[in-house]
Amino acid sequence: GAAVHLMLTGDNTLTAGGSNAGLRCPAGASLTITNGTGAGTLAAFGGSSGSYDGGAGIGGGANEDGGAIAMLSGTVTAREGAGAGIGGGSMGNGGVVTISGGTVTVDSTDITTGTSGRGASIGGGYNGNGGTITISGGRVTANNTGYGAGIGGGRRACDGRLGGGAGGGRGGGSHGA
């Protein structure tokens, strides 16, 4: 799969259409996010074509597991379609998410419908398991007022592996180093 090192410079926004991920990184691919020259920001919004069919803000599209996603520095905001904010799309598992720096804010509100999302903020999409999530640094806010975990599995799935002391469960979790 593809390996991408994304260096953020300036303010960047990616908004998906249909059931796609805002920034696609499916299983088998890897994505590393860092600051480029100066500070950079990224806002990534997953698309949705229905309540149970949508992409992650960063990760898989509908029916796709998330890949290996590493956040080293920069500022990232992600919202889901019916997938996770960061991780799997709807019906997709979370993959491997590692956050060791930067500022990450994830919200579970479906960007297309404005309703509570069904995926985790970080982890699995609707009906997707959490995957492996490690938070060892940076500042992470994972708000989930919907049906999935703040950090972990989406609605109807709740397993995953979590390292670094982050919180989870319905209602979200927050971790700061």
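Bear in mind the structure is a predicted one, so any value in this text is a computation, not a measurement. Numbers for residues simply follow the sequence, beginning at 1.
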Rounded to the nearest 0.5 Å, how far does [atom2] of [Y] lie from [atom1] of [X]?
X	Y	atom1	atom2	answer
Ile69	Leu6	CD1	CG	11.5 Å
Ile151	Ile135	CD1	CD1	4.0 Å
Ser121	Asn143	OG	CG	6.5 Å
Met71	Leu42	CE	CG	8.0 Å

Counterpart residues, side-chain hydrogen bond (donor to acceptor under 3.5 Å, both in side chains), relative to Thr9 (two or more places apart):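 If we apply the side-chain hydrogen bond (donor to acceptor under 3.5 Å, both in side chains) test to Thr9, skipping adjacent residues, there are no hits.
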Heavy-atom closest contact ([X] atom, [Y] atom, distance):
X	Y	value
Ile122	Ile133	O-CD1, 3.5 Å
Leu72	Ser100	CD2-OG, 3.3 Å
Gly150	Ala142	O-CB, 3.5 Å
Leu14	Gly22	CB-O, 3.5 Å
Cys25	Ala68	SG-O, 3.9 Å
Gly87	Ala56	O-CB, 3.5 Å

Pairs satisfying salt bridge (charged side-chain N to carboxylate O under 4.0 Å, His left out), at least one member in residues 66-76, at least two apart: none
Answer whether the closest heavy-atom distance between the side chains of [X] and [Y] falls below 4.5 Å.
X	Y	result
Thr34	His5	yes
Ile33	Val76	yes
Leu23	Leu31	yes

Qualifying side chain to side chain donor-acceptor pair (under 3.5 Å) pairs, either residue in residues 54-70, two or more places apart: Arg24-Glu64
Is there a donor-acceptor pair under 3.5 Å between the side chain of [X] and the backbone N or O of [Y]?
X	Y	result
Asn129	Gly153	no
Thr75	Thr103	no
Ser73	Asn35	yes

same_hphob_cluster(Val4, Val104) at 4.5 Å side-chain heavy-atom cutoff: yes
